[in-house]
Amino acid sequence: MDVHGFTVGPVAENCFFAAADGSQRAIVVDPGEEADRLTAALDELGLTVEAILLTHTHFDHVGAVAPLARHTGAPVYCPELEKGVLADIMSYVPWPGFGPFESYEADELVAGGERLTLAGLEIDVLFTPGHSPGHVTYSIPAERAVFSGDVLFQGSIGRTDLPGGDTATLMRTLAELIQRLPDDTAVYPGHMGLTTIGRERETNPFLRELSHSR
């Protein structure tokens with residue numbers, strides 16, 4: 001699988017384009033901001049976007065959804081519990097100075113448990129709440145890859161002090177995630193650098209207790 005990453009916006013959010021090896025059909029995960037830069041990159045790479053996948057709807061992950069959907073014509077897959085946030089995004093921007101962002105009515109809703117076939121990739125949708133109420137991650141087992149959104153980071157985990165966040169829920173989510181996914185699974189997170197499940201199991205201070213109880 002070919003993955004192109006772009007760190008966008010003032011809070012350095014990671015947007016990813018992913019395509020099967022040798023294919024020009026792609027998915028886009030979490031287009032957070034800088035729509036012009038992202039659309040230019042898609043055009044330069046010659047990618048045809050089959051879907052835009054959202055892990056959750058915090059503004060830094062969805063700020064470029066509407067313009068990217070217009071540019072590509074691709075459907076937007078949104079966590080079912082958070083469709084109202086995407087549809088009225090500026091009501092959920094907690095700090096001044098961010099935006100304005102354009103709202104969007106999701107084309108498809110996901111809740112976890114679905115298997116999507118998009119751009120030649122088989123994608124399992126995992127319900128991973130805690131950072132936000134409806135958060136999902138997108139696992140591609142055949143590629144040993146997961147797009148983790150703001151659940152798991154390199155050396156850290158998602159914050160839980162935003163509306164709808166819950167620490168106990170996030171820790172349960174992480175325990176299930178590291179039990180489900182093999183150590184060699186590449187983690188493409190919503191912020192910071194790339195990592196693997198195995199590396200985080202061994203070195204992430206938030207996961208050590210969970211790892212030892214596995």
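Remember, predicted model here, so these are calculated numbers, not experimental data. Quick note: residue numbers are just sequence positions, from 1.
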Distance-only donor-acceptor check, side chains [X] and [Y], under 3.5 Å:
| X | Y | result |
| --- | --- | --- |
| Thr7 | Glu13 | no |
| Thr173 | Thr128 | no |
| Thr195 | Gln154 | no |
| Glu122 | Thr117 | yes |
| Asp30 | Thr55 | yes |

Would you check if [X] and [Y] make a side-chain contact, meaning some heavy-atom pair closer than 4.5 Å?
| X | Y | value |
| --- | --- | --- |
| Thr137 | Leu177 | yes |
| Leu42 | Thr72 | yes |
| Ser148 | Tyr188 | no |
| Leu152 | Leu207 | yes |
| Asp60 | Glu33 | no |
| Ile197 | Pro182 | no |

Between the main-chain N or O of [Y] and the side-chain N or O of [X], is there a donor-acceptor pair closer than 3.5 Å?
| X | Y | result |
| --- | --- | --- |
| Tyr104 | Pro67 | no |
| His131 | Leu170 | no |
| Glu200 | Phe206 | no |

For this session: Quickly, which of Leu109, Val125, Asp124, Ile123 forms a side chain to side chain contact (heavy atoms under 4.5 Å, CB included) with Glu114? Name it, please.
Result: Val125
Quick check, are the ring centers of [X] and [Y] under 6.0 angstrom apart?
| X | Y | value |
| --- | --- | --- |
| Tyr92 | Phe59 | no |
| Phe6 | Phe17 | yes |
| His135 | His58 | no |

Please name the pair of heavy atoms, one in [X] and one in [Y], separated by the smallest distance, quoted to 0.1 Å.
| X | Y | result |
| --- | --- | --- |
| Ala35 | Leu68 | O-CD1, 4.4 Å |
| Ala74 | Glu50 | CB-C, 4.0 Å |
| Ile89 | Ser103 | N-OG, 3.0 Å |
| Gly190 | Asp150 | CA-OD1, 3.6 Å |
| Val62 | His56 | CG1-O, 3.6 Å |

Exercise. Roughly how far apart are His61 NE2 and Asn14 CG, rounded to 0.5 Å?
Worked result: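 Nearest 0.5 Å value for the NE2-CG distance: 8.0 Å.
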